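Naming: A, B, ... by sequence-line order, numbering from 1 per chain. This structure is a prediction, so every number in the text was calculated from the model and none was measured.
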Protein chains: 2
Amino acid sequence: MTTRSSTDATRVIPEATVARLPVYLRALTALADSGIRTCSSEDLATAAGVNSAKLRKDLSYLGSYGTRGVGYDVDYLRYQIAREIGVTQDWPVVIVGIGNLGHALANYSGFRSRGFRVVALLDADPALVGQTVAGVVVRPFDDLEEIVREHDVAIGVIATPAFAAQDVADRMVAIGITSILNFAPAVVAVPEGVDVRKVDLSIELQILAYHEQRKANGADPTNADGGAA
Amino acid sequence: MTTRSSTDATRVIPEATVARLPVYLRALTALADSGIRTCSSEDLATAAGVNSAKLRKDLSYLGSYGTRGVGYDVDYLRYQIAREIGVTQDWPVVIVGIGNLGHALANYSGFRSRGFRVVALLDADPALVGQTVAGVVVRPFDDLEEIVREHDVAIGVIATPAFAAQDVADRMVAIGITSILNFAPAVVAVPEGVDVRKVDLSIELQILAYHEQRKANGADPTNADGGAA
DNA sequence: TCCATTTTGTTCCCACGTTCACAAACTCCT
DNA sequence: AGGAGTTTGTGAACGTGGGAACAAAATGGA
């Protein structure tokens, strides 16, 4: 085994693993809340809904935080994953587009509890500006630059209609935002070095519809699992 | 080339391709709305934000709907993809949990326009029952079975808090729902044959935070793309 | 101390997904 | 008709991810 120090910047964690670390984190928090101090990879894998071999391999990319014959210390492992993801620090976030979805996002408690702080809500519609949503006053979109500079914001959320998404993204990138979470049903192009993740509600339903249709047509059910269970 | 008839049930489309078909569908709709009647794989790939070779390979799983030297007929290809996904038919959907997110989902116009019809909104909270959201009256959760039978619902959406998600999923499965879209931040277990797709807002932000942290630490930027642009 | 038991960390192998590169097939122009 | 130009559909190479299996390392009891 090659023991890697936690400061070894050359270490690369596969993208598929990164996407699962937050799930492990949540499962560990649930275990800790139940008063459980130690767990095996089997326990944690069950709680996270994955295969235990996959879990162990995922954790091995972070380092060697378990004890053979014993398992993992819940609090210790939780801290290590949190540090690796970066949720031990505070992340200021701006949300652009305060429609139905923007409202819901602004009120979502799961952000706050994981270190994401909504520092501003922005909308181009003057009718919305000035209203208070989730305890935050909606400000005009043109205030974006001022807010980003003041709070050193790196992460932006787009919850606008599709037609506005690319413009908003362009403005965000120009001002220095380097990570974007896009809820608008549109493809946004960004330069190298900027991360975009897309969440599209209707696409998820369409994927389910495809599998549902195959089930209804009596297709071979061996592959009926949608691949996301 | 093996020409496959559209009724050949043995044909299997890779999961990764299925997940992109809705994106192509949206891009084609945008092209059609711009008055474009024909496009090349390069054009469509750009509009969809993917590599053109990948697009062609994806489309080849459906059949041979293009013309060499010419490209694809926008309307024709759009219809073929829509039929393949199943959005040419009407899909009744129930939403359980009418909090902030449930509200937003009920009002989301993107569902209706793609063949998904919200036939009922359900909540266990008596204070919410009877209220009208997006033109639909909220009904008690216990009405689930009656509604599912009446409308022949196959797809359920969970927008409850985490603690309720597994119970709701169990009830849905018992009643005969075979596809679930889960917005609750919890792992739900379902039996073989039931599809679950999970959308977790805070997980997406955590993935962005991980990459953001790596950028800030001056890590090798060659892999800085979050993998979802 | 030594052995049986447990559980991690890792290796090996297979399946899936992506991309390159090119033959096949179509249009248009002369 | 025939050749130049264009674009699709696909075979092959490559890279990533998942899972079984096992060696290594810890515990606990005799």
Side-chain angles (χ1 to χ4, degrees), chain A residues 1-6 11-21 23-24 28 36-74 76-77 80-81 207 222-223 225-229, chain B residues 1-4 11-21 23-24 28 36-74 76-77 80-81 207 222-223 225-229:
Chain A
M1 185 194 82
T2 308
T3 302
R4 287 169 294 228
S5 90
S6 57
R11 185 178 34 148
V12 169
I13 299 180
E15 194 55 34
T17 296
V18 171
R20 280 187 296 267
L21 290 179
V23 179
Y24 302 155
L28 284 166
I36 296 171
R37 328 262 322 190
T38 298
C39 69
S40 68
S41 64
E42 198 68 49
D43 298 334
L44 183 53
T46 301
V50 302
N51 177 297
S52 70
K54 181 153 63 178
L55 170 74
R56 289 198 299 277
K57 185 179 277 193
D58 283 342
L59 295 183
S60 77
Y61 291 118
L62 310 191
S64 192
Y65 296 134
T67 307
R68 297 176 193 221
V70 178
Y72 301 93
D73 182 281
V74 172
Y76 179 62
L77 182 58
Q80 294 299 341
I81 294 178
I207 295 169
T222 49
N223 196 26
D225 168 58
Chain B
M1 186 193 81
T2 308
T3 303
R4 287 170 294 230
R11 184 179 34 150
V12 169
I13 300 180
E15 195 56 35
T17 296
V18 171
R20 282 187 294 268
L21 290 180
V23 179
Y24 302 155
L28 284 167
I36 295 170
R37 326 262 323 190
T38 297
C39 69
S40 68
S41 63
E42 198 68 49
D43 298 335
L44 184 52
T46 302
V50 302
N51 177 297
S52 70
K54 181 152 63 177
L55 170 75
R56 288 199 300 276
K57 178 153 281 195
D58 283 342
L59 295 183
S60 77
Y61 291 117
L62 311 190
S64 192
Y65 296 135
T67 307
R68 297 176 193 220
V70 179
Y72 301 93
D73 181 281
V74 172
Y76 180 60
L77 182 58
Q80 293 298 342
I81 294 177
I207 295 170
T222 51
N223 197 26
D225 167 58

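When the side-chain nitrogen and oxygen atoms of Y72(A) are compared with OP1 and OP2 of dG9(C), one or more of them lie within a distance under 4.0 Å. At dG17(D), none of the side-chain N or O atoms of N51(A) fall inside 4.0 Å of OP1 or OP2 (strictly under the cut-off). Between S41(B) and the phosphate of dT8(D), there is a side-chain N or O to OP1/OP2 separation shorter than 4.0 Å.
Of all heavy-atom pairs between V18(B) and I13(B), the closest is CG2-CG2, 3.7 Å.
Set against dT19(C), dG9(C), dG9(D), the side chain of S60(B) has dG9(D) as its closest nucleotide. Looking at the side chain of S40(B), the nearest of the listed nucleotides dG9(C), dT7(D), dG9(D) is dT7(D).
To the nearest angstrom, C1' of dG19(D) lies 8 Å from NZ of K57(A). When the P atom of dG19(D) is taken as reference, atom CD of E42(A) falls 13 Å away, rounded to whole Å. L59(B) places its CG atom 14 Å from the P atom of dT18(C), with the value rounded to the nearest Å. Between Y65(B) atom OH and dT10(D) atom P there is a gap of 12 Å when expressed in whole angstrom units. Protein atom CG of L62(A) is 14 Å distant from nucleotide atom C1' of dT8(C), rounded to whole Å. A straight line from CG of L44(A) to C1' of dT8(C) spans 13 Å, rounded to a whole angstrom. Between Y61(A) atom OH and dG18(D) atom C1' there is a gap of 10 Å when expressed in whole angstrom units. One atom, CG of D58(A), and another, P of dG17(D), lie 10 Å apart when rounded to the nearest Å.
Residues meeting the salt bridge (Lys or Arg N to Asp or Glu O under 4.0 Å) test with R20(B), sequence neighbours left out: D58(B). Residues meeting the side chain to side chain donor-acceptor pair (under 3.5 Å) test with S40(A), sequence neighbours left out: D43(A). Contacts of T67(A) classified as side-chain contact (heavy atoms from CB on, under 4.5 Å), with partners at least two apart in sequence or in another chain: V70(A). Judged as a side-chain contact (heavy atoms from CB on, under 4.5 Å), and not counting sequence neighbours, the contacts of S41(A) are S52(A), L55(A), R56(A), Y72(A).
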Please write out each protein N/O paired with an N/O of nucleotides 25-30 of chain D under 3.5 Å, distance rounded to 0.1 Å.
residue	atom	partner	partner atom	Å
dA26(D)	O4'	R68(A)	O	3.4

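Nearer the 5' end of DNA chain C, as judged by each residue's closest nucleotide, is the contact made by R56(A), out of R20(B) and R56(A).
Inter-residue side-chain proximity for E15(A) and I207(B) is flagged as met; some heavy-atom pair is nearer than 4.5 Å.
In this structure, T46(B) contributes its side chain and E42(B) its backbone to a donor-acceptor pair below 3.5 Å.
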